[in-house]
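As the structure is a prediction and not an experimental result, all values here were calculated from the model. Counting convention: from 1, in listed order, for ligands and their atoms alike.
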Amino acid sequence: MGRESLYSEKEARKTIWVCLEQEQDRVTNVSLELLSKGRKLADSLNWPLTGLLLSGSDLPPTETAFEFGANEVLLVKDGLLEKFRVETYTKAAFETIINYKPSIILFGATPNMRDLAGRLAVRLRTGLNADCTDLDIKKENGVLVCQVSGFGGGVLALIEMESHRPQMATVRPGVFQQIKCETAEKPRLKQFSVALDPSDIFTNVIEQRSSVAVDLTQAPVIIAGGRGIDGDFAPLEELADLLGGQIGATRPPVDEGHIDRERQIGQTGVVCRPKLVITCGISGAFHFIVGIQGSETVVAINNDPKAPIFEHADYCVVGDVREIIPQLVDLFRDSKSSISFKLDGELNTAIRMN
Ligand SMILES: Cc1cc2nc3c(=O)[nH]c(=O)nc-3n(C[C@H](O)[C@H](O)[C@H](O)COP(=O)(O)OP(=O)(O)OC[C@H]3O[C@@H](n4cnc5c(N)ncnc54)[C@H](O)[C@@H]3O)c2cc1C
C-alpha cells in the first residue's frame, strides 16, 4: 500500500474495538460473536476491549456488550443515528476512531457493516480484510493475522498489516461462538459526541425489507444436500423435520434452482455452527467446508470412499444417499428421544449398520 494511513502503528493505542451493530433495541448476534473473539484476542495481549456503539435509541443496549466481555462501551448517541445511514455512520465512526486511534477494529460482515467498514478504510487510508474465516494476533507486536480464503480455489491466505492502522477486518455471522464473559473490573460506559447535521445525509430510505426467512446460523441441526442428491431435497426435509432442524445446500443445487440461495452454506453462503450437520452427496470442497467447520458433529454420506468430505467428518457413511436417508427417517420417525441421545445412541448404531 503506497500511502500512509492517517495514524501510524506508533500512534495507535493498544486496544481492540468491535463495531457493535444494533437491530431494533438489541445488539446483533454477529456483534456478540466478535466481542467473544475480541475478548480472547485482547486477553492474549492484555489489551482492553471496547465496543463502539453508534445509536439513536434512548436506551442503547450497552449492557449486553458488557456481558460478552467488553471492558468499555464507547457510545455515540444522536437522533440522526437512529436508522443506519452510511453517511452519518461513517462520519460518526471516523471522527471517533481518529480521536481514540485504536489499533484494531472488527466489524460483522453484514450489508450495513460492510458498507461502513469499506468507507472507513478508504478515509483512514488503511486496509480491510473482508470475510475473514479466522483471526489471530501476534503477541510480540499486536499484529492481527486474518485468515481469508480466496483466489477462486482452495487457497487460505494469512494477511497481516505491518504499519497501517487501524487494522480492520469483517467477519461473517456464525464464524465465532458467542461466549458470555464478564470482566474482572467494572466495565465503563463512555460517551463521545460528533456534530451531525441532517445535511450530512444525501440518501433517502424509502422502505426497508428483510428477505431472510430462515437463519441457518441459529439452526441446531442441518441436513445439507449437494449435487449427489440430484435436486431431491424431499427426503432431507423429512429428516430435518424429525430432528428439529433445517435443510441447507452446497452451491450447485442452489445454482440449478433446486433450493433458495439463503440456504447455501459456505464461503459465498452462510457460515453455521450447528450441533449436528449431516452432509448428503457433498464432495467436501473447501468453499463448502468453511461454512461447517465450527459444527459440533459432522456426519458425511457419500458413495465415494475417497471423497474429501470424509477428512472433515466425525462419522463417515460410504453409500448411496438415496438409500441411507430413508433408513434414517424410518429410524427417527417414532422416536421421542432427544437429539443428543439420538446422536450418541441410535445414529451411531444406524451408521454402524450401514
Ligand atoms: C469463488 C467460489 C466460491 C464458492 N462458494 C461456494 C459456497 O459458498 N458453497 C459451496 O457449497 N460451494 C461454493 N463454491 C463451489 C465449490 O467449489 C464446489 O464446487 C461445491 O461446493 C461442490 O458442491 P457439491 O459437493 O455438492 O458437488 P460435487 O463436488 O459435484 O460433489 C458431489 C458429491 O456427491 C457424491 N455423490 C454422487 N451421487 C451420490 C449418491 N447417490 N450418494 C452419495 N453420494 C453421492 C459424489 O461422490 C461427490 O462427492 C464456490 C466456488 C468458487 C469458485
Chemist: Considering only heavy atoms of Q264, which atoms of ligand 1 have at least one such atom less than 4.0 Å away?
Modeler: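 Near Q264, the atoms of ligand 1 are 6 (C), 7 (C), 8 (O), 9 (N).
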Chemist: Counting heavy atoms not belonging to E140, are there more than 12 under 6.0 Å from its CD?
Modeler: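 More than 12 within 6.0 Å, yes.
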Chemist: For atom 23 (O) of ligand 1, state which one of G226, P252, G248 supplies the nearest heavy atom.
Modeler: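 The option holding the nearest heavy atom is P252.
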Chemist: Between R322 and D320, does any side-chain N to carboxylate O distance fall below 4.0 Å?
Modeler: yes
Chemist: Between R263 and Q246, is there a side-chain donor-acceptor contact under 3.5 Å, judged purely by atom types and distance?
Modeler: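 The criterion, which ignores hydrogens and geometry beyond distance, is satisfied for R263 and Q246.
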Chemist: Could you name the option among D320, N302, I282, D304 that has the heavy atom nearest to atom 49 (O) of ligand 1?
Modeler: N302
Chemist: Would you say ligand 1 has an N or O under 3.5 Å from any N or O of V321?
Modeler: yes
Chemist: Under a 4.5 Å cut-off applied to non-hydrogen side-chain atoms, are T88 and I201 in contact?
Modeler: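 With C-beta onward as the side chain, the pair touches.
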Chemist: Could you check whether K37 pairs with D134 (Lys NZ or Arg NE/NH1/NH2 to Asp/Glu carboxylate O, under 4.0 Å)?
Modeler: yes
Chemist: Taking 4.0 angstrom as the limit, do R333 and D330 come out as a salt bridge?
Modeler: yes
Chemist: What part of A285, side chain, backbone, both or neither, has a heavy atom within less than 4.0 angstrom of ligand 1?
Modeler: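 Side chain only.
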Chemist: Cut-off 3.5 Å, no hydrogens considered: what does the side-chain donor-acceptor table look like for residues 68-78, sequence neighbours left out?
Modeler:
unit_1, atom_1, unit_2, atom_2, d
N71, OD1, R39, NH1, 2.7
N71, OD1, L49, N, 2.7
E72, OE1, T50, OG1, 2.9
E72, OE2, R188, NH2, 3.4
E72, OE2, K190, NZ, 3.4
D78, OD1, L80, N, 2.8

Chemist: Could you tell me, atom by atom, which parts of ligand 1 come under 4.0 Å of a heavy atom of T268?
Modeler: 3 (C), 4 (C), 5 (N), 6 (C), 7 (C), 8 (O)
Chemist: Hey, looking at atom 50 (C) of ligand 1, which of R227, H287, Q267 has the closest heavy atom?
Modeler: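 Minimum heavy-atom distance to atom 50 (C) of ligand 1 goes to H287.
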Chemist: Pull out every atom of ligand 1 sitting under 4.0 Å from any heavy atom of G269, numbered as shown with elements.
Modeler: 8 (O)
Chemist: Check whether any heavy atom of G319 sits under 4.0 Å from an atom of ligand 1.
Modeler: yes
Chemist: Just to check, does D230 reach to within less than 4.0 Å of ligand 1 when the distance is taken from its heavy atoms?
Modeler: no
Chemist: To which of I265, N303, T250 does the heavy atom nearest atom 26 (O) of ligand 1 belong?
Modeler: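 The option holding the nearest heavy atom is T250.
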Chemist: Between T203 and E87, do the side chains contain an N or O donor and an N or O acceptor separated by less than 3.5 Å?
Modeler: yes
Chemist: Under a 4.0 angstrom heavy-atom cut-off, which atoms of ligand 1 come close to R322?
Modeler: 41 (N)
Chemist: Would you check whether G281 has a nitrogen or oxygen atom less than 3.5 angstrom from a nitrogen or oxygen atom of ligand 1?
Modeler: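 Looking only at distances, the answer is yes, because the N/O contact criterion of under 3.5 Å is met.
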Chemist: So, are E160 and K138 salt-bridged, with charged N and O less than 4.0 Å apart?
Modeler: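 Yes, E160 and K138 are salt-bridged.
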